[in-house]
There are 2 protein chains.
Amino acid sequence: MQYLNPYIENCLEGPDSLFKGLNSKDKETIAGHHTVNHVRRGDYLFREGEKSRGLICLSTGKAKVFKEGVGGREQIVKMVRQNGFIGYRALFTENIWSFSAAAIEDSNICVLEKTTLVKLMKKNADLTMKFTRILSEELGYSNSRTISLTQKHIRGRLAESLIVLRDTYGFDEDGKTLNVSLSREDIAGLSNMTTSNAIRTLSGLSSDGIIGVKGRRITIIDTTTLEHICNLG
Amino acid sequence: MQYLNPYIENCLEGPDSLFKGLNSKDKETIAGHHTVNHVRRGDYLFREGEKSRGLICLSTGKAKVFKEGVGGREQIVKMVRQNGFIGYRALFTENIWSFSAAAIEDSNICVLEKTTLVKLMKKNADLTMKFTRILSEELGYSNSRTISLTQKHIRGRLAESLIVLRDTYGFDEDGKTLNVSLSREDIAGLSNMTTSNAIRTLSGLSSDGIIGVKGRRITIIDTTTLEHICNLG
DNA sequence: CCTTTGTTATGTTATTTAACATAACCGGGT
DNA sequence: ACCCGGTTATGTTAAATAACATAACAAAGG
């Protein structure tokens with residue numbers, strides 16, 4: 001099948017795509033109703049309060065989904081990897097984004113038209129089931145995050161964030177360096193702590209030999225201990 | 001249509017039932033594959049780690065869904081009202097409960113068989129869409145709760161909990177007394193704080209004339225201020 | 001009616017975390 | 001190379017919250 005651009009192809013055919021297994025005709029319909037946007041590092045994909053234009057597929061790059069609190073403090077609710085989708089929720093309920101999203105690397109997004117998707121789902125229970133499954137998983141993830149962020153201590157929360165980053169973005173070729181470059185502020189936003197505390201706690205884990213820190217490159221040295229801190233901290 | 005017992009009837013025909021609009025034949029199928037359980041106040045509906053038997057409908061009563069943390073401290077993730085459903089997630093992904101649930105009043109639950117429901121959903125995109133919609137709503141709720149519980153101060157968290165309780169269970173006939181009786185420990189678990197702090201903060205709101213407290217009966221006196229504290233606390 | 005047991009209330013102390021202040025560092029642009 | 005602005009690092013202080021201790025109270029059962 002021929003696609004207009006590599007970005008939409010990636011969204012529809014990529015390794016983890018929701019739309020795997022969909023028939024070519026339906027894929028064509030989706031591909032026929034999308035727009036591509038280039039987003040620079042640091043730029044917003046969308047802001048809380050804006051109207052959703054559809055389901056967003058992060059074709060290339062990396063992004064964060066977050067809520068802006070008082071005083072500019074952000075709480076990150078989700079880190080998104082290549083081929084990840086954003087905005088299942090705005091698809092089915094509200095049309096208004098209840099969170100903001102920003103690129104943490106230069107990215108390309110495809111916006112898949114809401115009405116097209118909903119129309120497809122109405123006659124394709126299989127596709128709808130896939131959405132349901134993903135929403136369930138996200139719900140489970142969100143609920144566990146709530147528990148972690150409220151009950152764990154600062155060290156445990158940071159450890160968990162590092163594990164989340166590893167699970168989301170994986171390692172560099174060396175097999176130990178996290179394949180993502182985040183500011184300390186973002187790490188703090190992900191871990192529900194202040195930037196100072198993120199820096200301090202990273203230093204702590206580093207001097208304990210559990211992780212290595214060189215600027216924004218973070219290596220996980222002692223996975224077992226890190227997971228231990230995550231589970232019991 | 002005739003049902004075997006009032007409990008399953010409630011689940012299928014109750015005001016907020018997921019299954020509203022389903023045709024009689026399908027409803028009959030669901031009704032043909034369920035079990036009813038009576039649960040006493042304080043008893044578990046299920047425990048984290050147990051195998052799910054299906055989708056639970058709280059036919060009568062009230063319940064809480066929670067995670068048990070270290071030292072017996074509970075974080076409540078959801079309060080369930082009459083005719084509420086529990087366990088969408090276990091239906092689609094894991095078969096294992098990742099949370100526990102307990103009755104906070106004597107209750108009757110219907111357990112609707114997983115395979116029956118999944119089979120129905122596979123051929124009924126409409127029903128599946130309903131699940132999808134509810135899951136989206138729950139996901140949105142869960143994400144906002146994460147933000148609230150992590151970013152708000154203790155007074156704001158408690159105010160939010162009271163509002164959640166009002167929105168879930170409503171008021172008594174007097175139009176101001178919360179129609180639910182929770183221990184201070186449960187209020188604490190819902191608000192992510194210790195029991196002592198729940199008691200103290202309730203006293204505080206009470207002496208400020210925002211709420212009234214007489215044992216477990218809580219009245220909301222000044223809604224505007226309470227919502228204000230919730231939003232800016 | 002009294003005992004028992006769990007819940008609620010309140011004061012005190014300890015701990016965790018945020019807030020603030022300042023300095024060192026680092027990368028990009030000229 | 002050198003400045004500049006943002007990031008990172010580290011120390012100090014303040015605030016929020018948990019932990020602990022104890023007492024009052026209330027409901028349930030003998």
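The model shown is predicted, which means the values in this text are computed figures rather than measured ones. Chain A is the first sequence line, chain B the second, and so forth, proteins listed ahead of strands; every chain is numbered from 1.
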Euclidean distance, atom CG of residue B:Leu149 to atom C1' of D:dA16 [Å, nearest integer]: 16 Å
Does a side-chain N or O from B:Ser203 land closer than 4.0 Å to OP1 or OP2 of C:dT10, or not? yes
A:Glu185 CD to D:dG5 C1': how many Å, rounded? 14 Å
Against the side chain of B:Met193, the closest entry in C:dA18, D:dA9, D:dA18 is D:dA18
On DNA chain D, does the nearest nucleotide to B:Asn192 precede the nearest nucleotide to A:Leu202 from the 5' side, or the other way round? Give the residue. A:Leu202
Whole-Å gap separating C1' (C:dA14) and NE2 (A:His153): 13 Å
Among B:Phe66, B:Trp97, B:Phe99, whose ring-ring contact (aromatic ring centres under 6.0 Å, His included) with B:Phe46 holds? B:Trp97
Any A:Arg216 side-chain nitrogen or oxygen under 4.0 Å from OP1 or OP2 of D:dT8: yes
If I take atom CD in residue A:Gln151 and atom C1' in nucleotide C:dT16, what distance separates them, rounded to the nearest angstrom? 15 Å
Decide if atom CZ of A:Arg41 counts as having more than 12 heavy atoms of other residues, nucleotides or ligands within a radius under 6.0 Å. no
Which whole-number value in Å describes the distance from A:Lys152 NZ to C:dT16 P? 17 Å
Would you classify B:Arg157 as touching base, sugar-phosphate or nothing, given that sugar-phosphate means primed atoms plus P, OP1 and OP2, and contacts are heavy atoms under 4.0 Å? sugar-phosphate
Lys/Arg N to Asp/Glu carboxylate O, A:Asp208 vs A:Arg155, below 4.0 Å: yes
For the side chain of B:Ser183, starting at C-beta, report the closest nucleotide among D:dT8, C:dT8, D:dC20. C:dT8
Pair B:Tyr3, B:Glu13 - check side chain to side chain donor-acceptor pair (under 3.5 Å), show working. CA-CA 10 Å; B:Tyr3 288 100; B:Glu13 308 283 0; 2.8 Å; yes
Round to the nearest Å and state the distance from B:Ile199 atom CD1 to D:dT22 atom C1'. 13 Å
Whole angstroms only, please: what is the CZ-C1' distance between A:Arg217 and C:dG27? 15 Å
Spacing of A:Asp186 atom CG relative to D:dG6 atom P, expressed in whole Å: 16 Å
Heavy atoms under 4.0 Å, any strand shown: does B:Arg200 hit a base, just sugar-phosphate, or nothing? base
Within the 4.0 Å heavy-atom criterion, would you say B:Ile154 contacts the bases, only the backbone, or no part of the nucleic acid? sugar-phosphate
Go through D:dA18, C:dA18, D:dT8 for me and flag the one nearest to the B:Arg73 side chain. D:dA18
Side-chain N or O of A:Asn197 less than 4.0 angstrom from OP1 or OP2 on C:dT17? no
Which part of the nucleic acid, if any, lies within reach of A:Thr195 when heavy atoms closer than 4.0 Å are counted: base, sugar-phosphate only, or nothing? nothing
Can a salt bridge be assigned to the pair B:Glu74 and B:Lys64 using a cut-off of 4.0 Å between side-chain N and carboxylate O? yes
